[in-house]
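Numbers here are sequence positions counted from 1. First listed ligand is number 1; within each ligand, the first listed atom is number 1.
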Amino acid sequence: MRIKLLCAVMLLAVSSCAFAANFSQGPADSITMPPGNRVSQTMLAGNKLVTFRSWLDIPYVNNPVEPEYQRLNIYVPEEYFHEGGSINGYTAETAPILMPNGVGGYMPGKQFIPANDSRHGTPNVALYAISKGYVVISPAIRGRTLPNGKAPALIVDYKAAVRWVRHNKDRLPAGDTEKIISDGLSAGGALSSLLGATGNAKEYEPYLKEIGAEEERDDIFASVVYCPITNLENADMPYEWIFNGVNTYYMGPAREMDDNMKAASDALKAAFPAYLNSLNLDGYELDEDGDGTFKEYIEGLYIAAAQKALDAGENVLGLDWLEVEDGKVTGVDLEGYAVWATRMKAAPAFDSLNMKSFENNEFDDKHFTDYAFKHSTAEKPAMADAEKIYVMNPMNFIGKDGVDTAKYWRIRHGVKDRDTSLAIPAILALKLNQEGYDADVAAVWGVPHDGNYDLPELFEWLDGICK
Ligand code: DHB
């Protein structure tokens, strides 16, 4: 027994040395992984003890403008350092690489660190991934409050991190660089969709060069997207398509929309059908009143969410906007839904008339839609650079020549989420599916603006596409 233990310890020491040696053998021009800051940890994930090794704070660009952020952490399950080690059918060579981002509110995002998540009472997505045999590589990412963090810094950094991973393919302790998966929620979900949609798009090249990103591919295998605050220059319209007529908003304390806001709500609602129809989504349209097959599709997503909850024994009864008969959810009234959900944001929801939303700040304190620019109440209305608006929207790249969009997508949006309209993730999914990608989209009962709350289901899906 003692001898066995000694052998195991020796093996561990030998394998650690081998990896440390490997790291310093990179080409002279590459960023090398400092072996000194490698640590080993054991954590309880559910009822399972999970041991992993970490490499922390590795710069992922050659000319960082925010060195505190342009760095990443690597987490590798301990099993992969042992001869023949495997977890969940994966080995050191085949393990997918999950790259979660910690961006929220378009703010700078720190590295996503494995931990137990007190909010959901489960391991967080990084710890859960390690327990399932995934390698986790989490980059910190610039955001709007840093001097160099405005649009499109966040997607430039995420891409640079992917490029670094590919560039160091042969020096990584484990992981399959053809199975890179992004994950994020809200602004981080928008970022995850951008990374998935824009693989190798030439528009980002100048930004990537500027920070000294490696010259590598930056396409990824799959995108995991929760409640994405995305498609920003078109998101005000579907918000009003849902919330028009609900005039109290809850950004902080309850407030009433003023006349400018109400006029914006009417105009933006009326503009939505033309936008939706301009996307030419096969079989999904709206008439000028905002009715039609696209509306039925959105209703269907809510019905499916309610049915799934009902089948799982949850109570979905007693809501005046949801029809349930004999255990079957049969209908949704979207006007009633909007009253029940409540409005979070005044119109326009993203490009604020006063030019003071998170999104205005992301675009250098400028407008990014014609409507808000024309009707601005700001002292000095200004319009963001069209090029920056373009590269912040994943919709512009799906189906575009020369772009390698991720094949697999899992998109989720809570039924109680009113940070953006369900139409936004739904449009993203319909566009992806129409262009031949595989997007699994659903609304989730009982869930507000949130992400990574359904890890067993998420990893069942991920294992299904990775194995
Ligand atoms: C986030 C939420 C918002 O409502 C928004 O407008 C932008 C970002 C977020 O939680 O990341």
- request: Compute both the distance and the angle, then confirm whether R418 meets the cation-pi test with F243: under 6.0 Å from the six-membered ring centre, within 45 degrees of the axis.
  value: no
message: Quick test of your reading: applying side chain to side chain donor-acceptor pair (under 3.5 Å), list the pairs with at least one residue in residues 373-389, sequence neighbours left out, ordered by first then second residue.
response: H367-S376
query: Considering residues, nucleotides and ligands other than E435, do more than 12 of their heavy atoms fall under 6.0 Å from its CD?
result: yes
message: Can you confirm whether or not the ring centre of F221 sits under 6.0 Å from the ring centre of Y408?
response: yes
Every pair of nitrogen or oxygen atoms between ligand 1 and the protein that is under 3.5 angstrom apart - can you list them with their distances to 0.1 Å?
residue: ligand 1; atom: 4 (O); partner: K345; partner atom: NZ; Å: 2.6
residue: ligand 1; atom: 4 (O); partner: D419; partner atom: OD2; Å: 2.6
residue: ligand 1; atom: 6 (O); partner: K345; partner atom: NZ; Å: 2.7
residue: ligand 1; atom: 6 (O); partner: E359; partner atom: OE2; Å: 2.5
residue: ligand 1; atom: 10 (O); partner: S186; partner atom: OG; Å: 2.7
residue: ligand 1; atom: 10 (O); partner: H449; partner atom: NE2; Å: 3.3
residue: ligand 1; atom: 11 (O); partner: G105; partner atom: N; Å: 2.4
residue: ligand 1; atom: 11 (O); partner: S186; partner atom: OG; Å: 2.7
residue: ligand 1; atom: 11 (O); partner: A187; partner atom: N; Å: 3.0

- line: Residues pairing under side chain to side chain donor-acceptor pair (under 3.5 Å) where one sits in residues 295-312, two or more places apart or in two chains, turn out to be D291-K295, Y302-Y337, Q307-D311, K308-E457
Please set out all donor-acceptor pairs under 3.5 angstrom arising from side-chain atoms of residues 202-211, sequence neighbours excluded.
residue: E203; atom: OE2; partner: K400; partner atom: NZ; Å: 2.6
residue: Y204; atom: OH; partner: V391; partner atom: O; Å: 2.7
residue: E205; atom: OE1; partner: R163; partner atom: NH2; Å: 3.3

